[in-house]
Participant: 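Shown below is the structure under consideration.
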Number of protein chains: 2
Amino acid sequence: MWQDPRQAERAAWIARAVAHPVRLRILAYLAEQGAYVMDLTTALGRRQANISQHLMVLREVGLVQAEREGMMVRYTLRSELVADLLALLARLAEGLPEEPSMGLGPRRFRRGRGRGRW
Amino acid sequence: MWQDPRQAERAAWIARAVAHPVRLRILAYLAEQGAYVMDLTTALGRRQANISQHLMVLREVGLVQAEREGMMVRYTLRSELVADLLALLARLAEGLPEEPSMGLGPRRFRRGRGRGRW
DNA sequence: CGAGTATATTCGCTGTAGCGAATAAGGAGG
DNA sequence: CCTCCTTATTCGCTACAGCGAATATACTCG
């Protein structure tokens with residue numbers, strides 16, 4: 001699988017779209033129900049521009065689709081595979097024992113230190 | 001799912017580790033067989049330091065585990081869930097139609113009842 | 001110990017993701 | 001047309017991922 005770097009890049013491109021807390025929460029929200037941008041801004045407590053920016057990323061990779069409904073735009077997941085992906089990530093997130101040698105929990109998107117020893 | 005931002009961050013933290021072509025290929029390689037660093041450098045054609053750096057990322061999030069064997073270090077996947085994740089990403093990568101009009105040419109997205117402007 | 005091999009870590013650099021503020025653009029209604 | 005509402009896009013900024021080169025660490029063997 002992915003001997004070809006190009007294929008790997010495409011898969012990574014998709015993974016990158018998911019690799020952000022806000023986008024994950026957007027997808028999780030959409031997994032339960034379609035939503036308008038305003039719904040997401042209030043649900044996630046972020047600026048409207050920010051939500052739109054994240055939605056654009058998700059739209060570009062095709063994880064999400066948009067449909068205009070009058071003045072508003074309704075976003076929905078584009079495939080059930082996306083929901084599967086979320087579920088898998090959730091399982092991994094809770095299931096994977098944290099490296100004992102490393103700090104605890106996720107370090108907020110920061111490169112951790114740690115000297116090599118296990 | 002992930003109403004709590006902290007949980008979402010943890011999941012995103014994992015997704016972020018996967019969201020790189022080289023790391024994806026490393027994982028794909030490991031899904032078939034354990035490997036030493038040198039195996040990966042030759043298989044992927046990258047500098048040893050770079051491979052080690054990527055392995056560190058994967059190790060930090062716990063997708064991969066390392067075991068010293070004499071002078072070398074053997075890396076293996078830490079859970080079958082990781083392989084599942086790869087498979088899902090592969091399906092998404094090939095299954096999701098690339099938005100052909102997105103990013104090349106004028107922006108287009110599905111307009112529900114937009115008068116045929118697009 | 002000293003030389004050689006395999007891996008890990010550090011460092012400086014560069015590209016770019018992500019953010020808020022501001023602004024534009026689509027659409028409804030008067 | 002003009003105003004209000006919702007969403008999209010642009011802009012400037014900052015922080016950090018990712019890279020190669022260099023160096024350090026761990027281990028084996030003689």
Side-chain angles (χ1 to χ4, degrees), chain A residues 8-9 12-13 15-26 34-42 44-61 64-75 99 101-102 106-118, chain B residues 9 12-13 15-26 34-42 44-61 64-75 102-103 106-118:
Chain A
E9 277 195 27
W13 181 52
R16 210 169 49 239
V18 178
H20 190 287
V22 172
R23 288 197 290 267
L24 267 185
R25 295 180 67 202
I26 288 177
Y36 304 106
V37 176
M38 53 184 318
D39 297 331
L40 294 167
T41 62
T42 64
L44 304 190
R46 315 223 100 225
R47 314 252 165 201
Q48 174 264 321
N50 194 6
I51 294 290
S52 273
Q53 288 162 352
H54 284 303
L55 282 172
M56 161 123 48
V57 172
L58 295 173
R59 202 150 37 84
E60 279 182 354
V61 301
V64 143
Q65 65 191 19
E67 192 180 351
R68 206 168 246 293
E69 287 185 7
M71 216 163 13
M72 320 203 267
V73 179
R74 181 172 196 79
Y75 281 86
E99 294 280 288
S101 51
M102 303 304 198
R107 45 214 70 188
R108 281 230 163 200
F109 268 53
R110 240 173 174 188
R111 267 210 257 186
R113 255 311 40 84
R115 335 243 314 139
R117 96 277 68 193
W118 328 295
Chain B
E9 277 199 24
W13 181 52
R16 199 165 143 310
V18 178
H20 189 285
V22 171
R23 288 197 290 267
L24 267 185
R25 294 179 67 200
I26 289 177
Y36 304 106
V37 176
M38 54 184 316
D39 297 332
L40 295 167
T41 62
T42 63
L44 304 191
R46 316 223 99 225
R47 315 250 164 203
Q48 175 265 320
N50 193 8
I51 294 290
S52 274
Q53 288 162 351
H54 284 302
L55 283 171
M56 160 123 49
V57 173
L58 294 173
R59 203 150 37 84
E60 276 183 336
V61 302
V64 142
Q65 66 191 24
E67 191 182 350
R68 212 172 239 293
E69 287 184 7
M71 217 165 10
M72 321 204 266
V73 179
R74 180 172 197 80
Y75 281 87
M102 279 298 175
R107 287 267 143 94
R108 149 161 69 115
F109 63 89
R110 301 214 312 158
R111 247 90 202 195
R113 51 184 71 205
R115 317 269 290 288
R117 231 315 231 82
W118 297 82

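Bear in mind that the values here come from a model prediction, so they are computed numbers and not experimental data. Residue numbers begin at 1 in each chain, while the letters A, B, ... track the order of the sequences. Heavy atoms only: backbone and side chains are in, while hydrogens, waters and symmetry mates are out.
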Participant: What is the distance from CG of B/L44 to P of D/dG18, rounded to the nearest Å?
Facilitator: 15 Å

Participant: Could you state the CH2-P distance from B/W13 to D/dA17, rounded to the nearest angstrom?
Facilitator: 13 Å

Participant: Are any side-chain N or O atoms of B/R23 and backbone N or O atoms of B/R16, one a donor and one an acceptor, separated by less than 3.5 Å?
Facilitator: yes

Participant: Using heavy-atom distances to pick each residue's nearest nucleotide on DNA chain D, tell me which of A/M71 and B/V22 is more 5'.
Facilitator: A/M71

Participant: Where do A/P21 and B/E9 come nearest, in terms of heavy atoms and distance?
Facilitator: CG-CG, 3.7 Å

Participant: Scan B/R23 against the nucleic acid and name what it touches under 4.0 Å (heavy atoms): base, sugar-phosphate only, or nothing.
Facilitator: sugar-phosphate

Participant: Compare every heavy atom of B/V61 with every heavy atom of B/A17, then report the nearest pair and how far apart it is.
Facilitator: CB-CG2, 3.6 Å

Participant: Does D/dC19 have its OP1 or OP2 closer than 4.0 Å to a side-chain nitrogen or oxygen of B/H20?
Facilitator: yes

Participant: What is the distance, to the nearest angstrom, from the CG atom on A/L40 to the C1' atom on D/dT7?
Facilitator: 12 Å

Participant: Spell out yes or no: do the side chain of A/Q48 and the base of C/dG20 have one donor N/O and one acceptor N/O closer than 3.5 Å?
Facilitator: no

Participant: To the nearest angstrom, how far is B/N50 atom CG from C/dC13 atom P?
Facilitator: 19 Å

Participant: Considering just the side-chain nitrogens and oxygens of B/H54, establish if one lies under 4.0 Å of OP1 or OP2 belonging to D/dA17.
Facilitator: no

Participant: Can you tell me the distance, in whole Å, between the CG atom of A/L55 and the P atom of D/dT6?
Facilitator: 16 Å

Participant: Measure the spacing between OH of A/Y36 and CD of A/E69 and express it to the nearest 0.5 Å.
Facilitator: 3.5 Å

Participant: So which one's nearest nucleotide on DNA chain C is more toward 5', B/Y36 or A/R16?
Facilitator: B/Y36

Participant: Classify the side chain of A/Q53 and the base of D/dT10 as holding, or not holding, a donor-acceptor pair under 3.5 Å.
Facilitator: yes

Participant: In whole Å, what is the span from the CD atom of A/E60 to the C1' atom of C/dA17?
Facilitator: 13 Å

Participant: Quick one: A/R68 CZ to D/dT6 C1', roughly how many Å, whole number?
Facilitator: 8 Å

Participant: Is the shortest side-chain N/O distance from B/R46 to OP1 or OP2 of D/dG18 below 4.0 Å?
Facilitator: no

Participant: Round to the nearest Å and state the distance from B/R47 atom CZ to C/dA6 atom P.
Facilitator: 17 Å

Participant: Answer yes or no: is there a side-chain heavy-atom contact under 4.5 Å between A/N50 and A/L44?
Facilitator: no

Participant: Could you check whether B/R74 gets within reach of a base, just the sugar-phosphate, or nothing at all, counting any heavy atom under 4.0 Å?
Facilitator: nothing

Participant: Nearest to the side chain of B/M38 - C/dA6, C/dA22, C/dT9?
Facilitator: C/dA6

